[in-house]
Every structure is written in structure tokens, then in C-alpha cells.
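Take a look at the structure below.
Within every chain, numbering begins at 1; the chains are lettered A, B, ... in the order of the sequence lines, protein sequences first and strands thereafter.
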Amino acid sequence: MNLIEELRWRGMIRDIMPGTEEQLNKEMTTAYIGFDPTAESLHIGSLVPILLLVHLQKAGHKPIALVGGATGMVGDPSGKSEERNLLDEATLNRNIAGVKSQLEKFLDFDLTKPNAAEMANNYDWFKNISFIEFLRDTGKHITVNYMMAKDSVKKRIEGEVGMSYTEFAYQLMQGYDFYWLYQNKNCKLQMGGSDQWGNITTGTELVRRKAGGEAFAFTCPLITKADGGKFGKTEKGNVWLDQSLTTPYQFYQFWLNASDEDAEKWIKIFTFLQKEEIEIILNDHQKDAGQRLLQKRLAEEVTEFVHGKEELGKAIETTHKLFAGQTASAESLSIDDLEGMEGIVKSDFAKDKIESGIDIVSLLADTAIFPSKGEARKMIQGGGVSINRKKVESVQFTVDSGLLLHKKYLLVQKGRRNYYLIKAV
RNA sequence: GGGCAGAUGGCCGAGUGGUUAAAGGCGACAGACUGUAAAUCUGUUCUCUUCGGGGUACGGAGGUUCGAAUCCUUCUCUGCCCA
């Protein structure tokens, strides 16, 4: 399979410009994807474009990861129903640095290779362009009619919130990026999420009109969930690639909890497993779906790719301790088990208060497991709190030293999956 | 600059003087079922609480009224149209 065939099979191609496949077969091609520095870390939504770059590099082509230092100052209207707030400079700089360092982990920058990856920041070329220069040399090549026909613009004009000139001009900036990379880096291909198609084609158009060159593009579909929910969200919000924002355990759990339908699609997109191997996994999974072999393999592969083998090991270990022996009593967990669990929230609590007995509601509020007593009470009444794996039946429940595991610990569950460890000190 | 239409809880959206902490939907959280899924069903969803109740809230500020999300004044913001 060539690159495009493989990506097609994985379900990673949505729109593709004619001639792209031929270009990739013809020669080592330089290609880029832009990442917006809207947050300090990328989240798993950005994983797909990252994987596209990795696939591209594996196939012998040269990837450029572009951080939108300049475009991030303007705000991409694609997929947004409302005008965005502009980020202040300090935030933006922090975000650029964060995003950059993450991207660097996934690509091979070894300069001895002809297809070594490169990083770019479009601020580097935009900072020297004057407004007049931009209008005369770039804006002149693209008609407003053309720009208005883009989905991202059309939706906003037809909607009721409108769109500022700033955001309207965004596609020209992104278009210029492609043009600049074409001229200076011989970059002939841009990839991105399908919401970027409009911005990308403005780029290929600019390359054609301004440089008389030929540029190519393809996009990957936006990742969806079978139940229609947003991909990449959990009860705690976004799933980030930065382990200080989403622990490897939580990251692993996210993939493990995928539905069958989603996991089947995702294992092709988010792992590098070959077709034959995936077919075997799917087959095994169907024999006994309850084992969730598919989800386990998916979670392992993706967690290892993002966080490494060591972190994956810890995540699996914690998972085993918390879930494998659901029937085993909390008392059977050793001190090492309790202390060694990564990814669960730990907090200290005054030992004497527990020894003299404390009502469950106060305990949960004081340890910040719940923000207030009212919420703790509600959750207990709804049957959503367990201590040492036993459901708390009443809000009157009193916690005393008799409940402490190893005379020191309390294992608290909020819902089924959120674990907290209280340590009496 | 002028005219018109708007601004309600995380989002959408009902409500035009009192029983409105505010219908309904979405989202989110929890429970049941299960496979730590999906689908389905049930409950919760401003906030604090000694569970009796308290505090805030319908863009901001003022006013009318016993009583205002609802009426008046004014300001801010948004959209549309005209110049």
C-alpha cells in the first residue's frame, strides 16, 4: 500500500485534491500541517494531524509542523459559530512554547536524514510584512467572492452573530503560509482536519495564482463518536496530551472506555498497527466482546505512543488494582498498592478527626473531593459514593478509625470510576 | 449618524406584574442494566446549609409598585437595514 492507500484504509482521508497521490509517488514531498496555539497543550483532537505527519514521514516524505504564532493572534473562524476572544500575548507565547515542545516529541528531527522534520512558526514571516504590502501582494490575488464562498464564512454570514474583518481575513493568512512554505521550503502539500479545507484551498489557490505553482492538499475527517457526543471529552473536560493536565492513567482510561463501534474505527486511526493485525484483533474481540480486547489494545497503543512504555505500565498497573479485582475487598490492597497508584487523587486529612469520628459529608467536603457539603450530600443520596469499595448508604454515616486501611488510608469512590485516596496524618 | 430587532441559568429556548430558582430541550453528573462499553430507563443539575432554611440571579445602573425577568428611564453590547 502506498501512503494514500494506507490512509484511505485507515479512514484518515476525507477530501483530497486531484493529483496528490501522483505527487507523493513521484518524489519526496514536503508537507505541512498548522497547529493553533489556543491552549498550552494539544489535546487528543490534534493527535490525528500529528499522526498524519508521522505517517508521512514514515513513508519517506518531509513533514513540517507549523505553529500558528501569527494566525493564533487572529483566530480561525472555522467550525466556530461565534467570534473568538483574542488571546493576550503572554498567554499566546506560553501556548506556542507548549505546543511546540509537544510536537517535537512525535517527529524525527534527525538532520542526517533527508526527510528530517522541521518546525516553523508563521510569526517569523508575518512579523515583517506590512499591512499595505499584504493587501497589495496577497489580497489582490483572491476575490472576496471566493472567500465568501467558504463554508466557515458562509455559515457566519448566514447566521446571526456575524463575523469580524479580522476573522474573515484569517483564510488569507493561512493561505499565505502555504505560499510562503511553497516558495521557501518547496512545500507542496498541506494537510489538516476537514474543517480546514476552505483555508487550505485558499492556499493552493494562492500558490497557483501568485507563484504559478502547483500545490496539493488532503484533509482527514473530524473524529466523531457513535453516540454523537464530542470526541475527546470526559467528565473532567478535554483529554490533553500533557501529562500534568491529563494523567497517563486518565489518558489510558479514556481509550479503554471507548464503545465497540468507536474503538473499531479508532484503532485504525490512532495506532500504527497493520491491517492484518487489526483484523485479528477485531476477530478475537468479537468472539468475546466482554473481554474488551479491542479497547485494551487501542488504549495500550495510543498511551504508549503519547506517554511512553513506562507510563503505560503504570497506567495498566493502576487499572488492575482498581478494576481487576472489583470483587476483592479494599482490605486486600497492600500499602504499596494504595500508595503506588498513579492517577488517582490523593489528599491528607487530620488523623485525630477521623479517630474521634467524623460525618461522611464533612469529610468529603473538607478533603475537597466535593466542592461543598450540599453536593456531597446529593451524591450520597444518589448512591454515588463508596468508601473502601462499599457504598455509603446514608448521609448520617460516620467515618472512624475502624475503617482505615492499614490504620492509615481511606479509598473513596465518586461514581464508579473516580478514585480518591485519603491519608490520615 | 438614523431606523428596526435583540440580550434569560453551561448552551438553545419559553416566560410580558404575584403560587417563577424560572417550562421544555441539549449537554453534564449519578443510579439501574452491562463489558470500567453502547443503547435504554430513573434521578440530579445557581449557590451555601446545622436540611429548618439562607443568599444571589433573567446584559449594567436607576426608577414605578405592597410585589418586577416582566412596566418606565438610561447606559452597554449584538444582529439587520438605511446614510
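In this entry the distance linking CE of A/M379 with C1' of B/C51 reads 19 Å, nearest Å. Remark: C1' of B/A28 and NZ of A/K414 are 13 Å apart, rounded to the nearest angstrom.
Comparing B/A32, B/U36, B/C51 against the side chain of A/R377 picks out B/C51 as the nearest.
Within 4.0 Å (heavy atoms only), A/A289 reaches at least one base atom of the nucleic acid. Using a 4.0 Å heavy-atom distance criterion, A/A258 is classed as a sugar-phosphate-only contact. Counting non-hydrogen atoms under 4.0 angstrom, A/D260 reaches a base of the nucleic acid. Residue contacts for A/K391: at a heavy-atom cut-off of 4.0 Å it reaches the sugar-phosphate backbone alone, with no base atom in range. Among the protein residues, A/Q291 comes within range of no part of the nucleic acid, since none of its heavy atoms lies under 4.0 Å from any strand. Using a 4.0 Å heavy-atom cutoff across all strands shown, A/Q381 reaches no nucleic acid atom at all.
Among residue pairs with one or both ends in residues 2-15 of chain A, those qualifying as salt bridge (charged side-chain N to carboxylate O under 4.0 Å, His left out) are A/E6-A/R10, A/R8-A/E21; sequence neighbours excluded. Among pairs with a residue in residues 272-306 of chain A, those fulfilling ring-ring contact (aromatic ring centres under 6.0 Å, His included) read A/H55-A/F272, A/F106-A/F305, A/F272-A/F305, at least two apart in sequence or across chains.
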- For RNA chain B, what string of dots and brackets results from 5' to 3' when Watson-Crick and G-U pairs need both distances under 3.5 Å, crossing pairs get [ ], and pairs with another strand get |? ((((((((.[[[..)..(.....]]]((((((.......))))))(((....)))...[[[[[..)....]]]]]))))))).
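RNA chain B lies under 4.0 Å from at least one heavy atom of each of the following residues of residues 365-374 of chain A: A/S372, A/K373, A/G374.
By the 30° and 60° cut-offs, the orientation of the rings of A/Y176 relative to A/F126 is tilted.
With no hydrogens or angles considered, no side-chain donor-acceptor pair links A/N199 and A/T202 at under 3.5 Å.
When the P atom is compared between B/G60 and B/A69, the two are found 12 Å apart, to the nearest whole Å.
In this model, the phosphate group of B/A32 is approached by a side-chain N or O of A/R416 to a distance below 4.0 Å at OP1 or OP2.
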Do any side-chain atoms of residues 345-353 of chain A form donor-acceptor pairs under 3.5 angstrom with protein atoms, and if so which ones, sequence neighbours left out?
{"from": "A/K346", "atom 1": "NZ", "to": "A/E339", "atom 2": "O", "distance (Å)": "3.0"}
{"from": "A/K346", "atom 1": "NZ", "to": "A/M341", "atom 2": "O", "distance (Å)": "3.4"}
{"from": "A/K351", "atom 1": "NZ", "to": "A/K407", "atom 2": "O", "distance (Å)": "3.4"}

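For A/H141, the side chain to side chain contact (heavy atoms under 4.5 Å, CB included) criterion is met by A/L206, A/R209, A/K210, not counting sequence neighbours.
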